[in-house]
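Some notes on the structure that comes next.
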There are 2 protein chains.
Amino acid sequence: MKTAFGNIEMLLEAEGEEGRALSRAERRELQVQRILEAAKRCFAREGFQGASMQQICAEANMSPGALYRYFVSKEAIIEEICAAARRDDEEKLAEMLTKRNVIEGMVFGAMTHIRFVHETDACALIAQFHAEATRSESVRLIYCNHLAEVRGIFLNYLGAALERGEIDPLFELEALVPALMSIIQGIANNDLPANGVALDKVETVVRTVMISMLRPTGKAL
Amino acid sequence: MKTAFGNIEMLLEAEGEEGRALSRAERRELQVQRILEAAKRCFAREGFQGASMQQICAEANMSPGALYRYFVSKEAIIEEICAAARRDDEEKLAEMLTKRNVIEGMVFGAMTHIRFVHETDACALIAQFHAEATRSESVRLIYCNHLAEVRGIFLNYLGAALERGEIDPLFELEALVPALMSIIQGIANNDLPANGVALDKVETVVRTVMISMLRPTGKAL
DNA sequence: CCGAAATGCGAATGATCATTCTCAATTTAT
DNA sequence: ATAAATTGAGAATGATCATTCGCATTTCGG
């Protein structure tokens, strides 16, 4: 049944068995997510500029009039997808790096990212991000801020290890960290596991890179 | 003066001082190059889908009617740009890897690529390639063939070094080579030199990676 | 020098796209 | 119960885009 409040059955289904009525805010959030998921699929398939709003509407099972109640423009959808991805990344990263010895922490962080990109098939979407960042001011800003924050997290983490004398880096961390990030990014964005390089091989590569760049001293437990 | 054969002065200018009249084929080649250069600027600025044919025409100082005498479609321009870039890369690479000891050869090859991307500001265009490769079948094919050929070149080069006992790689070259390529690509596409990591630092990183992955034995001269 | 082929211009075409508008159905608050 | 606010559908709008067309000019082979 189509109503002004959408496909009620679908919404109830999504919320699950508890049967509780959905508040206005909850319903709104569900619709927003529905649009974002549909848009991600379209963008990955056709690119940001290649995907039309009408396609996104079809994928989300929603009319243009309805969709525009939730996002003021196509650009706004793109920005929200970028921002959400950024939030996810930073959360995962900050959590990871609080534990473990420094090499294993870095390897684990890198491998979690690489595995995530592989498992969610995010390569195409990431390629679109990069391309869009070279031309949309707002997306570029989101992307650069993200990079800066990640760099900050690594700098803190490795800086502390350096203070404790656990590593003897090839050179100053301010230059080494961006280099490490580029390397990890290169591996992740190429989706090596999908191209015949098994995950354990990838991990060996990552660990080797970390050891040769950071040169652990053996001082850690 | 505008003539049916275009801005004659401009063409003569381009050909230089020899004053010789241009053959039909030469003039055609010049026009093709003019379009390709204009298109590259537009694509890097706006993306493949974002750049309009009218923009490319304006950038090339040419009417749509004229432009379509040289390329049957926008897609054809994109494909030619990709193919030309591929040809350049492979030429450079094959030449480089015939000389030098294996580590220095690899470092030199990687650094030449990294320097090229940095100096020609190719990052934006490369990002557009990647994005386009995820959605256009023909561009994807060109891109994959390119990757395969580069992989083949590295495999030959390192395979020979392995036979001669000059290296003791971390694991089989079939998996190691794609990993090395991803790492170099990550460094190049991020344009580290433009982001505060000096070129000599980048070279140190690349050499360290090569040594730790390939483990030279000292058997070479 | 003549006719055919090549080249160029720029207006026209038809499709597509992001966005808006109108109106109806539904919910919520009072 | 009723007014106000929210949500939705889908047609309409105006812009933009890739491509084509008609026609003029130039080049080249003979």
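Nothing here was measured: the structure is a model prediction, and the numbers come from that model. Protein chains get the first letters and strands the later ones, always in sequence-line order, with residue 1 at the start of each.
- We find that Glu91(A) and Arg87(A) are not joined by a salt bridge, their nearest charged nitrogen and carboxylate oxygen being 4.0 Å or further apart.
- Scanning residues 70-85 of chain A for heavy-atom distances under 4.0 Å to DNA chain C yields Ser73(A), Lys74(A).
- Map Arg69(A) and Pro64(A) each onto its nearest nucleotide of DNA chain C; the residue landing nearer the 5' end is Pro64(A).
- Contacts of Ala85(B) classified as side-chain contact (heavy atoms from CB on, under 4.5 Å), with partners at least two apart in sequence or in another chain: Phe129(B).
- Across residues 48-56 of chain B, Ala51(B), Ser52(B), Met53(B), Gln54(B) each have a non-hydrogen atom less than 4.0 Å from an atom of DNA chain D (numbered order).
- Donor-acceptor pairing under 3.5 Å is lacking for the side chains of Gln31(A) and Arg28(A).
- Listed by chain and residue number, nothing satisfies the side-chain hydrogen bond (donor to acceptor under 3.5 Å, both in side chains) test with Gln54(B) (two or more places apart in sequence, or in another chain).
- Judged as a salt bridge (charged side-chain N to carboxylate O under 4.0 Å, His left out), the pairs with a partner in residues 54-78 of chain B (not counting sequence neighbours) are, in order, Arg41(B)-Glu59(B), Arg45(B)-Glu59(B).
- Residue pairs meeting the side chain to side chain donor-acceptor pair (under 3.5 Å) criterion with at least one member in residues 192-202 of chain A, sequence neighbours excluded: Lys201(A)-Glu172(B).
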Using the 3.5 Å cut-off, write out each protein N or O paired with an N or O of nucleotides 1-3 of chain C and the distance between them.
none

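- Between the CD atom of Glu46(B) and the C1' atom of dA18(D) there is a distance of 16 Å, given to the nearest Å.
- Ile126(B) meets the side-chain contact (heavy atoms from CB on, under 4.5 Å) test with Val117(B), Ala122(B), His130(B), Asn189(B); sequence neighbours excluded.
- Arg151(B) has no carboxylate O lying under 4.0 Å from a charged side-chain N of Glu174(B), or vice versa, which leaves the two without a salt bridge.
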N/O-N/O pairs, protein side and nucleotides 28-30 of chain C side, under 3.5 Å:
{"from": "dT28(C)", "atom 1": "O4'", "to": "Arg24(A)", "atom 2": "NH2", "distance (Å)": "3.2"}

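- Atom OH in Tyr68(A) sits about 13 Å away from atom C1' in dC21(C), given to the nearest Å.
- For Cys57(A), the side-chain contact (heavy atoms from CB on, under 4.5 Å) test picks out Pro64(A), Leu67(A), with sequence neighbours left out.
- For Arg140(A), the side-chain contact (heavy atoms from CB on, under 4.5 Å) criterion is met by Glu137(A), Cys144(A), not counting sequence neighbours.
- For residues 111-122 of chain B, the pairs satisfying side chain to side chain donor-acceptor pair (under 3.5 Å) are His118(B)-Asp191(B), with sequence neighbours left out.
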